[in-house]
Protein chains: 2
Amino acid sequence: MAEAGNNPERANRILDAAARLIVHYGFDKTTVGEIAAEAGISKGAIYLHWPSKDELFAALLLREMQDFSREWIERVMADPDGGKLGVMFLHSLDVLARRPLLRALVSSDRRVLGDFLQRYDPSMFARRMTLNQDFIRLLQAAGAVRADVDPQTIGYILACLRYGYLLLPDLAPPEHTPPVEAIIQALADFLERALAPAGGGDSEAGKQVIRQLMAGVMQQWEQGKLA
Amino acid sequence: MAEAGNNPERANRILDAAARLIVHYGFDKTTVGEIAAEAGISKGAIYLHWPSKDELFAALLLREMQDFSREWIERVMADPDGGKLGVMFLHSLDVLARRPLLRALVSSDRRVLGDFLQRYDPSMFARRMTLNQDFIRLLQAAGAVRADVDPQTIGYILACLRYGYLLLPDLAPPEHTPPVEAIIQALADFLERALAPAGGGDSEAGKQVIRQLMAGVMQQWEQGKLA
DNA sequence: ATTTGACCCGATGTGCATTTTGGGTCAAAC
DNA sequence: GTTTGACCCAAAATGCACATCGGGTCAAAT
């Protein structure tokens, strides 16, 4: 822990600069010098905050995921139906899709991430799948998802949907892409009909699950146990 | 139309050989000489059947899609619930996923197809999206899908699912992938709950739609109007 | 005590001559 | 009448000498 580089405000400015450049040019094609220039400081100053470019990027990922969790939880809590799986999922997709870096990360975009992911944490994808399943399981226990679906299978189907949703816009011609709001709305409806228990389920119990799960996940992130 | 190369049986053997090699090495990395060797004939003989490597591949695609349509329709017709959208979709996914070449084609896998797709038909993806939407519209008219969903949006969601389903196995670790049968079963159930009209819809009417639509599509393929 | 930017050096890129590859042809063999 | 495979040639791959790039360092400036 460097004494000198203990300026969280400047660290955030550097991370902002890095994020802008990485989304635009990709991890490999963004140099430390460019990041410094974009942040308006010198190259050496970067190394007062992190010992290497990789560590800088790891910090960027951590911040990105923390921001995502925070924003997601806020939106779910503010939504009266936030505890329903469909609504939950749509909020997560929407927040995800609006953060270019995280979106590239979740869909494992090699152009943006270069060979960083492989070097840093090849098991990231596996962890995400496990998290998905635990999530469904908890929601079932809370009565927010039908009990008769298999968490692993449904987790996989949700991953298919998320993955397709994140990647399709780069492939499908714009004139065949409905407005984001329409897709999100339809997806929520879709999931609600497919997965909600008879009677609609308890939205408050669902919210409770998110609160608990995310608290645990954020703690793990801060301890560096999750990518 | 070459007189000499009018041997459909041998043409099929060559296409089989080409398919095996292309799935393994990709279009660009598969040479005409290798195809000939794999098929047990000489290079020159290939050119008795098709005027170029591109034309050979076009023929392969046509055959692949005809086979797909045939197999899909057979399975749908043989299934008592074949006319329901969920069941229909699962049969198409299952047939698709089991044909490596077609699977790579649908998910626009650049490794396998090289730059052929772009050269041959860049609008393929757009056509597929349009076809999806027409399909939903016809099923709605036949009463096999709820009338209050927007065909474009649902078509897009189905594309997300299909796309994710075809690409995920290459990314997700096997231990987090449920058995194909479980996914397919759950997907059918999923779609059924989400999209079937109240009362379950008319399965026979649904089958009728497939029969009509596919007859039209196959005709267009044979005339070379569709990729 | 901070911050800088010139400097280091392995890795990557560039330009170019040379070789190999591979789609397509066709005279000869069958 | 069919089929072959040596042959053609443009395009891509390879090898190589040389230049540049870029992550990381640290003595000097602020």
Side-chain angles (χ1 to χ4, degrees), chain A residues 1-15 17-22 24-61 110-120, chain B residues 1-15 17-22 24-61 110-120:
Chain A
M1 193 74 61
E3 271 302 311
N6 243 346
N7 182 345
E9 199 184 312
R10 192 172 68 166
N12 270 320
R13 271 212 319 280
I14 299 173
L15 292 184
R20 276 195 299 276
L21 293 173
I22 289 173
H24 205 86
Y25 302 107
F27 179 74
D28 291 340
K29 294 228 160 64
T30 299
T31 71
V32 176
E34 283 166 354
I35 295 175
E38 175 85 10
I41 54 166
S42 78
K43 200 165 110 177
I46 301 265
Y47 290 89
L48 299 174
H49 291 268
W50 304 278
S52 70
K53 188 187 174 190
D54 278 12
E55 288 290 326
L56 182 160
F57 192 55
L60 178 56
L61 287 189
R110 292 237 165 271
R111 191 194 62 82
V112 167
L113 295 170
D115 56 342
F116 177 85
L117 257 191
Q118 233 171 11
R119 209 161 55 229
Y120 182 62
Chain B
M1 193 74 60
E3 272 301 312
N6 244 344
N7 182 345
E9 200 185 312
R10 191 172 68 167
N12 271 320
R13 271 212 318 281
I14 299 173
L15 292 184
R20 276 195 299 277
L21 294 173
I22 288 173
H24 204 87
Y25 302 107
F27 178 74
D28 291 341
K29 294 231 160 65
T30 298
T31 70
V32 176
E34 283 166 355
I35 295 174
E38 174 85 10
I41 55 166
S42 78
K43 199 165 111 179
I46 301 266
Y47 290 88
L48 299 174
H49 292 268
W50 304 277
S52 70
K53 187 187 175 191
D54 278 12
E55 288 290 326
L56 183 159
F57 192 53
L60 177 57
L61 287 189
R110 293 235 164 271
R111 192 194 61 82
V112 167
L113 296 169
D115 57 343
F116 176 84
L117 258 191
Q118 232 171 13
R119 210 161 57 228
Y120 182 62

From [atom1] of [X] over to [atom2] of [N], roughly how many Å is that when rounded to an integer?
X      : N      : atom1 : atom2 : result
A/L48  : C/dA1  : CG    : C1'   : 11 Å
A/D115 : C/dT12 : CG    : C1'   : 13 Å
B/H49  : D/dT2  : NE2   : P     : 11 Å
A/I46  : C/dG5  : CD1   : P     : 13 Å
B/R10  : D/dT2  : CZ    : P     : 10 Å
B/L56  : C/dG23 : CG    : P     : 11 Å

Nearest heavy-atom approach of B/W50 to B/A11 is CH2-O, 3.7 Å
Any chance you could measure [X], atom [atom1], to [Y], atom [atom2], to the nearest 0.5 Å?
X      : Y      : atom1 : atom2 : value
A/L15  : A/L56  : CG    : CG    : 5.5 Å
A/R110 : A/L113 : CZ    : CG    : 8.0 Å
B/I22  : B/F57  : CD1   : CZ    : 4.5 Å

Let me have a per-nucleotide readout for nucleotides 19-24 of chain D, 5' to 3', with B, S or -, counting only protein heavy atoms under 4.0 Å.
---SBB
With sequence neighbours excluded, give me every salt bridge (Lys or Arg N to Asp or Glu O under 4.0 Å) pair touching residues 47-56 of chain A.
A/D54-A/R119
With sequence neighbours excluded, what pairs up with [X] under the side chain to side chain contact (heavy atoms under 4.5 Å, CB included) test?
X      : value
A/R13  : A/E9, A/R10
B/L21  : B/Y25, B/T30, B/E34, B/I35, B/E38
B/R111 : B/D109

With five pairs defining each end axis, the helix from C/dA1-D/dT30 to C/dC30-D/dG1 comes out bent, to 10°, by 30°
